[in-house]
Amino acid sequence: MASNYLEELNDVQRQAVVNIDGPVLVVAGPGSGKTRVLTYRIAHIIESGVAPWEILALTFTNKAAREMKGRIAKVVGDRAERVWAGTFHSIFARILRVEADKIGYPSSFTIYDTEDTNSVIGAIIREMNLDKNAYNTSAIRSRISAAKSALITPKLYADNEELRQQDRQAARPYTYEIYEKYVARCKRSGAMDFDDLLYRLYELFQRNPDGILDKYRGKFRYVLVDEFQDTNQLQYAIIRKLVNFDGSPRNVCVVGDDAQSIYAFRGATIQNILDFEEDFKPFGIKTFKLEQNYRSTEHIVQTANEVIMNNRRQIQKKIWSDKGEGHKVKVIKAMTDNEEGKRVTDTILEHKNRFHLSNRDIAILYRTNSQSRIFEEHLRRYNIGYRVFGGLSFYQRKEVKDLIAYLRLVVNQRDEEALRRVLNYPKRGVGDSTIEKLSAQAGSAGKTMWECLAALDAGAKAKKAIADFVQMIHSAALRVPTDNAYEIAVSVARGSGLIDLLKSDTTIEGMGRLENLNALLDGIKSFVEEDTISVLDAEGNSDRSLTAYLQNIALLTDQDENSAEGGDFVTLMSVHAAKGLEFKSVFVVGLEEKLFPSFMASDSPEGLDEERRLFYVAVTRAEQLLTLSYANSRYRFGQMRFNEPSRFLEEVPRQHAESTAHFRGSQSTAERNAPEQASGAKITGNFVRRGTAVSGMPAVDAANFKASPSDSIQKGMRVLHLKFGEGEVLEVEGNKDNRIATIFFKAAEDDPKKRIMLKFAKLQIVS
DNA sequence: GTTGGTATCTGTGGA
DNA sequence: AGATACCAAC
């Protein structure tokens with residue numbers, strides 16, 4: 001107890017641990033002992049006399065939360081279990097279960113995953129008779145998600161001229177209406193999507209019924225946030241609600257690294273780090289920078305440093321290592337994707353032999369999950385054990401989702417997506433058109449589909465089948481409060497006919513599906529019986545109800561599934577998934593333009609910066625050996641494509657890379673000469689060609705004006721605007737549909753600096 | 001309503 | 001290439 005944990009820390013780390021009161025920002029480079037600081041800080045808070053349940057620690061993955069708890073336990077023992085440590089989503093779901101009635105939800109609310117969400121949106125688009133080509137379901141979903149993450153309600157969305165204009169521009173003028181209907185339908189279904197778990201909590205705190213907010217403000221005396229650079233506006237808004245109020249001690253500590261922010265695509269913003277500094281400056285914020293890297297050798301650390309310097313905006317820091325030079329970075333060039341697979345696998349074999357590495361010391365990291373296949377083939381050929389992370393998780397398999405849908409319905413009959421999924425599976429003679437009819441009926445009557453089900457107009461045979469179905473769900477529902485989750489699940493699996501259906505399928509795949517179903521049931525059994533998996537309710541009691549089980553698995557990812565087991569295998573995963581992990585030998589593959597950096601990001605500087613941060617994350621996973629590879633050609637969609645080597649390869653300083661004939665690399669900062677630097681990326685748009693603007697702006701010739709595509713507008717360009725004349729693009733912010741340019745129009749004398757939404761601006765590129 | 005074949009689309013990351 | 005969406009025939 002109260003061990004000498006403080007002695008295991010360096011000076012900065014120790015400061016970050018012992019300064020437990022007041023606001024703290026920890027900027028933590030890769031491999032700098034961030035988790036250690038976070039866990040020891042929590043342990044230190046507990047040692048100072050604070051009850052574990054008064055500490056809230058938010059992470060992004062269950063794995064991070066689990067690891068944190070484990071390491072706290074090493075210092076303070078069993079008390080660690082009572083710390084409120086978990087993912088944003090799981091902790092918030094826990095609170096929402098208790099408070100659900102205050103915002104008009106049942107505590108047995110369903111959590112909709114992406115598939116459910118897509119299905120709801122698809123149904124709405126169909127019902128509104130909208131063109132499904134223009135109204136791409138996923139595009140609408142991400143738009144709605146972005147709105148929620150930016151605290152924009154359907155009402156605010158409908159009133160927001162800018163957003164509406166963007167939608168008109170994208171030929172989706174009714175997006176606002178879909179959003180409104182989607183929210184209403186989720187509510188009707190007693191369902192929350194991933195964003196709702198955040199948004200509804202925010203709403204609860206905002207409305208503050210029965211002094212709810214004060215209750216949680218009083219409860220969580222110390223708040224800690226991991227991976228703060230990955231939080232979105234909404235998440236930070238909730239954190240502020242909890243800690244930033246009059247009379248608050250503001251015991252909040254956020255840990256993050258702007259250079260490792262790789263989730264801007266889902267609304268994360270490093271602006272939160274900057275805002276945090278501003279928001280808490282008046283309250284004596286303390287900032288600690290962890291810059292010593294304990295993970296990697298110098299060639300690797302310096303490569304990472306040099307690469308990230310190509311990004312424009314960042315918090316100044318220099319990561320260093322005292323682990324010695326180590327091996328240089330190796331670059332593998334291959335003609336084809338297949339050859340890349342072979343040569344990487346050869347090198348893995350070499351590493352195993354030469355450096356006595358085990359499979360578990362090695363990882364292959366790629367930009368997209370679809371790249372795993374070729375490496376799997378080669379690893380199999382060499383008989384090297386491997387494990388692929390990502391892709392379809394166990395809970396996303398059809399047969400598993402089917403049974404889960406039944407269970408969801410048992411717990412919450414309002415759950416429309418579950419009902420749609422299982423009403424005619426196994427077949428009961430209720431086809432798509434009948435289901436649509438039912439849905440329309442429910443919509444116009446303001447009832448749930450379940451309520452309309454009994455009165456459904458159908459043939460005698462179908463009616464009987466439906467009645468049996470309703471009966472089965474009902475009787476299972478009655479058992480929920482008393483019987484254990486496993487027993488209910490087994491009887492539903494049998495009663496629904498799912499088991500019989502799968503048993504009748506004697507193909508290999510069919511047997512596999514039955515096995516998966518049984519594995520799911522086993523999982524529920526262990527949830528009910530074993531001590532190791534604990535789901536605590538808001539009061540800290542163990543909750544083994546079916547409802548708790550369903551809400552728990554909805555927030556699991558496949559990573560949480562697989563990583564628990566040991567075993568000696570090479571790890572194959574996306575770079576995103578690798579964040580926070582480390583391996584002795586890391587292969588970053590597919591380093592080609594349009595792939596890494598992704599073609600989706602290639603057209604905007606912000607997108608490229610994020611890709612570069614992703615590359616930075618990949619590079620810094622390596623402890624001793626880093627190998628980069630690319631192929632000149634690869635198959636995509638059955639077609640051979642040729643790609644240039646990634647620009648990131650060029651950014652690897654040659655002094656840190658093994659010299660090979662084909663690899664040129666970059667000069668390091670030290671050897672770079674002045675003229676080259678002057679033409680480099682350091683120059684900001686403000687200085688480019690300033691003063692060369694034509695004086696005495698001529699009137700714009702409207703007849704010859706031809707607007708350039710909005711996505712081609714980039715920082716530094718000179719553009720023509722019909723009203724404002726010629727201008728210079730000083731800055732472009734935002735991504736994809738949301739790009740905003742700051743343009744300096746000399747002719748507009750009142751206010752020459754205009755901020756313009758590129759999506760609907762008519763601009764012609766001059767140069 | 002169901003089945004099976006053909007057209008179409010896909011192209012990042014994930015809680 | 002592989003999954004899904006859509007349509008025509010049963």
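Just so it is clear, the model here is predicted, and its values are computed rather than measured.
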Taking only the side-chain nitrogens and oxygens of [X], find out if one of them lies under 4.0 Å from OP1 or OP2 of [N].
| X | N | answer |
| --- | --- | --- |
| A:Asn136 | B:dC9 | no |
| A:Asn62 | B:dA15 | no |
| A:Asn424 | B:dT2 | yes |

Run the ring pair (Phe, Tyr, Trp, His ring centres under 6.0 Å) check on A:His89 and A:Phe60 step by step: do they pass?
CA-CA 8 Å; A:His89 292 87; A:Phe60 273 83; 7.9 Å; no
Using a heavy-atom cut-off of 4.0 Å across all strands, would you classify [X] as base, sugar-phosphate, or nothing?
| X | result |
| --- | --- |
| A:Arg636 | sugar-phosphate |
| A:Thr114 | base |
| A:Phe88 | nothing |
| A:Tyr635 | nothing |

Using modelled atom types only, decide if a donor and an acceptor are shared between the side chain of A:Ser145 and the backbone of A:Arg141 within a distance under 3.5 Å.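 Side chain of A:Ser145 to backbone of A:Arg141, a donor-acceptor pair under 3.5 Å: no, none is there.
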How many Å lie between [atom1] on [X] and [atom2] on [N], as a whole number?
| X | N | atom1 | atom2 | answer |
| --- | --- | --- | --- | --- |
| A:Phe194 | B:dG14 | CZ | P | 13 Å |
| A:Arg126 | C:dA5 | CZ | C1' | 11 Å |
| A:Asn643 | B:dT12 | CG | C1' | 15 Å |
| A:Phe596 | B:dG11 | CZ | C1' | 17 Å |
| A:Phe642 | B:dG11 | CZ | P | 23 Å |
| A:Phe394 | B:dG14 | CZ | P | 20 Å |
| A:Asn369 | C:dG2 | CG | P | 17 Å |

Practice task
Compare the ring of A:Phe265 with the six-membered ring in the base of B:dG13 and state whether they stack (centres under 5.5 Å, planes under 30°).
Solution key: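 Aromatic stack with B:dG13 present for A:Phe265.
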Looking at CG of A:Leu379 and CD1 of A:Ile374, how far apart are the two atoms once the value is rounded to the nearest 0.5 Å?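 A:Leu379 CG to A:Ile374 CD1: 12.0 Å, rounded to 0.5 Å.
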Ranking A:Glu610 and A:Ile435 by the position along DNA chain B of their nearest nucleotide, the one closer to 5' is A:Ile435
Heavy-atom nearest nucleotide on DNA chain B taken for A:Glu611 and for A:Val430; more 5' hit belongs to A:Val430
Paired with A:Lys148, the side chain to side chain donor-acceptor pair (under 3.5 Å) test is passed by just one of A:Asp193, A:Thr153, A:Asp195, A:Asn232, namely A:Asp193
Between [options], which nucleotide gets closest to the side-chain atoms of [X]?
| X | options | result |
| --- | --- | --- |
| A:Arg641 | B:dT12, B:dG11, B:dA15 | B:dG11 |
| A:Lys427 | B:dG14, B:dT12, B:dT3 | B:dT3 |
| A:Phe599 | B:dG14, B:dA15, B:dT12 | B:dT12 |
| A:Ser598 | B:dG14, B:dT12, B:dA15 | B:dT12 |

Is there side-chain contact between A:Lys63 and A:Leu581, with at least one heavy-atom pair below 4.5 Å?
yes
* If we take the C1' atom in both C:dA5 and B:dT12, what is their distance in whole Å? -> 23 Å
